[in-house]
**Student:** 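I have a structure I would like to understand better, so I am pasting it below and will then ask my questions one at a time.
Chain A is the first sequence line, chain B the second, and so forth, proteins listed ahead of strands; every chain is numbered from 1.
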Protein chains: 2
Amino acid sequence: MTSYDVARVAGVSQSAVSRAFRPGLSVSAKTKDKVMKAAKKLNYKPNAIARMLITQRSGMVAVIISSISNLIYPELLSRITDQLSSRDVRVLLFTLDEKEQLAELLDQIWTFQVDGVIALTAHFDHEDIARFEEHNIPVVLYNRQVPDHPANTVCVDHEQGLKQLVDLLVAGGNRRFLVLSGPTESDVANERRIIALRHLSRHGIDEVPVAYGDFSYQSGKDCFARWMKDHDAPDAVICSNDTMAIGCIDEARDGQGLKVPEELSVTGFDGIHAAFWTGYDLTTVRQPVNQMAKAAVDILMERVENPTVPPEKRVLAGSLFKGSSARS
Amino acid sequence: MTSYDVARVAGVSQSAVSRAFRPGLSVSAKTKDKVMKAAKKLNYKPNAIARMLITQRSGMVAVIISSISNLIYPELLSRITDQLSSRDVRVLLFTLDEKEQLAELLDQIWTFQVDGVIALTAHFDHEDIARFEEHNIPVVLYNRQVPDHPANTVCVDHEQGLKQLVDLLVAGGNRRFLVLSGPTESDVANERRIIALRHLSRHGIDEVPVAYGDFSYQSGKDCFARWMKDHDAPDAVICSNDTMAIGCIDEARDGQGLKVPEELSVTGFDGIHAAFWTGYDLTTVRQPVNQMAKAAVDILMERVENPTVPPEKRVLAGSLFKGSSARS
DNA sequence: TTGAATAATGCATTCGATTTCAATTTAAAA
DNA sequence: TTTTAAATTGAAATCGAATGCATTATTCAA
């Protein structure tokens with residue numbers, strides 16, 4: 001079923017059919033009506049691919065996601081998809097586990113002529129961003145900054161969130177800290193670690209030890225277990241994300257026989273669903289996922305409409321959730 | 001950068017460029033080499049959209065997902081995406097929360113000319129399947145059967161998995177059961193409930209009470225709490241999925257002060273990551289997500305290549321995981 | 001060396017809609 | 001009723017690659 005078929009049945013030209021289906025174009029009510037009737041009869045729907053080819057707009061946005069197992073991403077992905085689809089834009093989903101796959105992935109993205117990209121991934125440096133600029137494809141990064149390169153970014157306010165978190169822990173009497181960080185390759189991990197250490201230092205708490213995991217539950221468990229082999233238990237463990245914090249709590253309780261929070265405070269970051277399960281009831285900083293998804297889509301689509309709009313970094317405040325996993 | 005540009009630089013025809021980029025077509029090594037050199041120089045990549053238009057193949061598969069918050073889906077989605085991308089097929093992601101949005105979603109799918117559909121959703125009846133057949137778009141359903149309508153399906157073997165689970169519980173001395181089911185609108189919930197009840201009955205255990213939730217953590221908690229208001233604690237709760245089971249355990253421990261598994265056995269179904277966290281260590285039936293994702297993609301792509309292949313239902317065995325959430 | 005069979009190549013058409021431009025119709029103003 | 005401006009309309013070009021067909025170049029056997 002093509003627009004020509006509809007045109008024949010409706011007794012108008014093919015151009016008229018096309019115009020009838022695009023809003024705001026010059027068609028008389030009578031013609032439009034004839035076209036729509038014929039279209040309904042033939043069950044005609046305009047072919048999106050032909051439209052993409054001629055308009056040079058695909059109506060698709062690539063969403064690139066690493067480690068979907070990080071539980072913050074499913075919800076984020078869902079929200080982003082909803083936001084985009086309310087603007088009549090589709091999501092082309094790419095997963096990216098290894099940095100090595102990036103080159104191939106970028107080729108795919110060019111050939112598919114996506115209108116824009118939302119990157120929920122760490123495997124993206126300023127060179128990659130530059131390549132998108134060459135192709136005039138706007139990109140929005142999530143919780144990620146590229147040093148020395150202005151880029152569209154949506155970030156949770158780590159500074160503000162971690163300040164509140166650290167203040168709360170110190171006020172609760174915690175003095176001997178351990179920071180359980182994500183890997184040093186991760187900007188988010190580095191930022192969270194450095195900021196947490198800085199705020200501790202402002203309370204006069206220095207030389208705080210750091211153990212490194214990979215954001216996973218298992219690494220939270222293992223890192224804490226390894227630490228406890230050679231050290232006394234700290235008062236509090238500040239984890240880079242909720243998943244590690246949950247691993248740490250499980251290890252503390254079941255592996256080390258420590259009571260949380262009586263003998264050990266544990267905090268997370270993100271506000272994943274599981275953090276609020278009563279078995280954990282994590283003290284954590286919640287990312288405003290809805291607003292962040294909306295912000296990412298808003299920023300992106302504004303640049304899609306108008307490519308000359310300069311890059312923007314939008315920082316959204318997180319909210320401290322006072323659970324029962326930490327003395328406070 | 002179009003194939004014409006490359007053709008000019010390489011000193012060949014546009015057809016030659018096209019042929020150089022498609023495998024198995026008749027081009028001499030010399031021509032191919034000239035084309036590739038020119039393509040590299042111009043940084044040319046074939047335009048996927050133009051290709052779609054002429055070949056009538058989009059190289060995209062629609063994945064429709066409801067309730068991404070069901071923790072089995074993120075992993076599944078990730079596996080499916082990997083499987084598809086290894087076949088050089090992209091994922092167009094759609095979320096579908098309300099049945100009402102389905103009509104609009106289907107329109108989108110037609111216009112985008114996807115090569116196939118993988119449906120991780122309950123909102124799909126045989127009428128919808130029939131419409132896909134009309135459009136010659138193959139569909140694979142996940143853990144879902146459409147009565148009286150042959151359809152491509154990948155299912156975990158509920159029968160076998162639940163038999164093992166029930167046998168284990170009975171062998172462990174559990175006699176007084178409660179079934180915590182997902183909603184009756186859900187086929188999966190119905191199947192799991194009915195099969196569990198049947199197997200209990202084979203052990204002479206009849207008239208087992210059922211409470212209904214909606215697969216969510218909160219509903220697991222709430223249902224169990226509500227049940228305990230008017231009843232004595234059962235020996236064991238068989239839940240329709242892991243998330244409800246986790247909710248049930250949290251309510252049992254923190255709300256009702258019951259020891260799991262000493263005073264209450266709780267089992268789940270699915271094998272989500274959180275089920276294996278030591279805080280829960282759920283006895284559950286694990287879906288072989290990798291194989292199921294692969295099976296779904298295999299079945300789908302076979303029908304994409306050859307639309308006359310008849311529908312197939314593939315049932316994969318789950319594996320019983322004996323955690324410490326149930327006496328056994 | 002010749003002829004037949006095969007491989008390589010280019011021309012021109014095609015996919016299905018959008019859009020410019022010129023022609024025509026309609027509406028409004030005089 | 002005539003003139004002018006505005007709104008509709010259709011013809012034709014366009015987006016960028018794939019491909020059937022006819023032509024030319026190559027290979028191999030005789």
Side-chain angles (χ1 to χ4, degrees), chain A residues 1-36 38-39 42-60 88 90 107-115 135-136, chain B residues 1-36 38-39 42-60 88 90 107-115 135-136:
Chain A
M1 278 312 134
T2 74
S3 56
Y4 285 93
D5 299 316
V6 177
R8 192 162 2 87
V9 171
V12 298
S13 74
Q14 182 268 337
S15 332
V17 177
S18 174
R19 279 190 270 256
F21 273 91
R22 314 250 60 196
L25 287 185
S26 171
V27 238
S28 68
K30 201 170 60 180
T31 308
K32 189 163 184 171
D33 186 61
K34 281 195 287 186
V35 169
M36 288 309 177
L42 300 179
N43 195 22
Y44 164 83
K45 299 277 167 354
N47 181 314
I49 296 183
R51 176 178 293 173
M52 291 181 204
L53 185 61
I54 189 74
T55 60
Q56 311 278 39
R57 275 273 213 117
S58 65
M60 302 190 293
D88 206 31
R90 264 68 39 184
D107 280 351
Q108 302 257 334
I109 290 183
W110 312 145
T111 65
F112 274 83
Q113 314 250 101
V114 298
D115 296 337
H135 287 253
N136 283 313
Chain B
M1 278 311 136
T2 74
S3 55
Y4 285 93
D5 299 316
V6 177
R8 191 161 5 84
V9 171
V12 298
S13 74
Q14 181 268 334
S15 334
V17 176
S18 174
R19 281 191 267 257
F21 272 91
R22 314 250 59 193
L25 288 184
S26 173
V27 237
S28 68
K30 200 171 63 180
T31 309
K32 190 161 183 172
D33 185 62
K34 280 195 287 185
V35 169
M36 288 310 177
L42 299 179
N43 195 23
Y44 165 82
K45 298 278 168 348
N47 181 317
I49 294 180
R51 176 178 293 174
M52 290 181 206
L53 187 60
I54 189 74
T55 61
Q56 310 278 41
R57 276 271 214 118
S58 65
M60 303 190 293
D88 205 32
R90 264 67 39 185
D107 280 350
Q108 302 257 334
I109 290 184
W110 314 144
T111 64
F112 274 84
Q113 314 249 99
V114 298
D115 296 336
H135 286 254
N136 284 311

**Student:** Tell me the interatomic distance from B:Gln113, atom CD, to C:dG16, atom P, rounded to whole angstroms.
**Tutor:**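 Between P of C:dG16 and CD of B:Gln113: 8 Å.
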
**Student:** Which heavy atom of A:Val6 sits nearest to which heavy atom of A:Ala39, and what is that distance?
**Tutor:** CG1-N, 3.9 Å

**Student:** For B:Arg51 and B:Pro46, work out which heavy atoms get closest and say how close.
**Tutor:** NH2-CB, 3.5 Å

**Student:** Can you tell me if B:Ser58 uses its side chain to pair, donor with acceptor, with the backbone of B:Gln113 under 3.5 Å?
**Tutor:** yes

**Student:** Rounded to whole angstrom units, what separation is found between the NZ atom of B:Lys32 and the C1' atom of C:dA7?
**Tutor:** 15 Å

**Student:** Using a cut-off of 4.0 Å on non-hydrogen atoms, how would the nucleic acid contact of B:Thr2 be classed: base, sugar-phosphate, or nothing?
**Tutor:** sugar-phosphate

**Student:** Whole-Å distance between C:dG16 P and A:Lys45 NZ?
**Tutor:**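 After rounding, the reported distance stands at 16 Å.
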
**Student:** Starting at atom CD1 of B:Ile49, determine the distance to atom C1' of C:dG16, rounded to an integer number of angstrom.
**Tutor:**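 Rounded to the whole Å, the gap is 13 Å.
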
**Student:** Please state whether the phosphate of C:dT14, meaning OP1 or OP2, lies under 4.0 angstrom from any side-chain nitrogen or oxygen of A:Tyr4.
**Tutor:**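 It does not, given that no N or O in the side chain of A:Tyr4 lies less than 4.0 Å from OP1 or OP2 of C:dT14.
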
**Student:** Of the residues in residues 9-17 of chain B, which ones touch DNA chain C at a heavy-atom distance under 4.0 Å?
**Tutor:** B:Val12, B:Ser13, B:Gln14, B:Ser15, B:Ala16

**Student:** What do the steps show when you test A:Phe112 against B:Met52 for side chain to side chain contact (heavy atoms under 4.5 Å, CB included), and what is the final call?
**Tutor:** CA-CA 10 Å; A:Phe112 274 83; B:Met52 290 181 206; 3.3 Å; yes

**Student:** Is there a donor-acceptor pair under 3.5 Å between the side chain of A:Arg90 and the backbone N or O of A:Asp88?
**Tutor:**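 Answer holds: yes.
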
**Student:** For B:Ser28 and A:Leu25, find the nucleotide of DNA chain C closest to each by heavy atoms; which residue's nucleotide sits nearer the 5' end?
**Tutor:**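 The residue mapped nearer the 5' terminus is B:Ser28.
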
**Student:** Below 4.0 angstrom, N of the basic side chain to O of the carboxylate: do A:Asp33 and A:Lys30 qualify?
**Tutor:** no

**Student:** Expressed as a whole number of angstroms, how long is the span from A:Arg57:CZ to C:dT18:P?
**Tutor:**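 From A:Arg57 CZ to C:dT18 P: 14 Å.
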
**Student:** Using a cut-off of 4.0 Å on non-hydrogen atoms, how would the nucleic acid contact of A:Thr55 be classed: base, sugar-phosphate, or nothing?
**Tutor:**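 Counting heavy atoms under 4.0 Å across all strands, the contact made by A:Thr55 is with sugar-phosphate only.
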
**Student:** What's the CG-P distance between A:Leu53 and C:dC15, to the nearest Å?
**Tutor:**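 For the pair A:Leu53 CG and C:dC15 P, the rounded distance is 14 Å.
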
**Student:** Less than 4.5 Å apart, side chain to side chain, heavy atoms only: is that true for A:Thr2 and A:Asn47?
**Tutor:**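 Contact flag for A:Thr2/A:Asn47 side chains = no.
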
**Student:** What integer distance in Å separates A:Arg19:CZ from C:dC21:C1'?
**Tutor:**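 In whole Å, C:dC21 C1' and A:Arg19 CZ are 11 Å from each other.
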
**Student:** Does a side-chain heavy-atom distance below 4.5 Å link B:Asn43 with A:His135?
**Tutor:**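 A side-chain contact under 4.5 Å exists here.
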
**Student:** Given atom CD1 of B:Ile54 and atom C1' of C:dC15, what is their separation to the nearest angstrom?
**Tutor:** 4 Å

**Student:** Nucleotide range of DNA chain D contacted by chain B, 5' to 3', under 4.0 Å to a heavy atom?
**Tutor:**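 Here the contact window of chain B covers D:dG16 to D:dG20.
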
**Student:** Where do B:Ala38 and B:Val9 come nearest, in terms of heavy atoms and distance?
**Tutor:** CB-CG1, 3.7 Å

**Student:** Would you mind telling me which residue lines up with the more 5' stretch of DNA chain C, B:Thr31 or A:Phe21, judged by nearest nucleotide?
**Tutor:**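 Of the two residues, B:Thr31 wins.
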
**Student:** Look at B:Gln56 and C:dG16 and indicate whether a side-chain polar atom (N or O) is within less than 4.0 Å of OP1 or OP2.
**Tutor:**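 For B:Gln56, the contact criterion (side-chain N or O under 4.0 Å from OP1 or OP2 of C:dG16) is met.
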
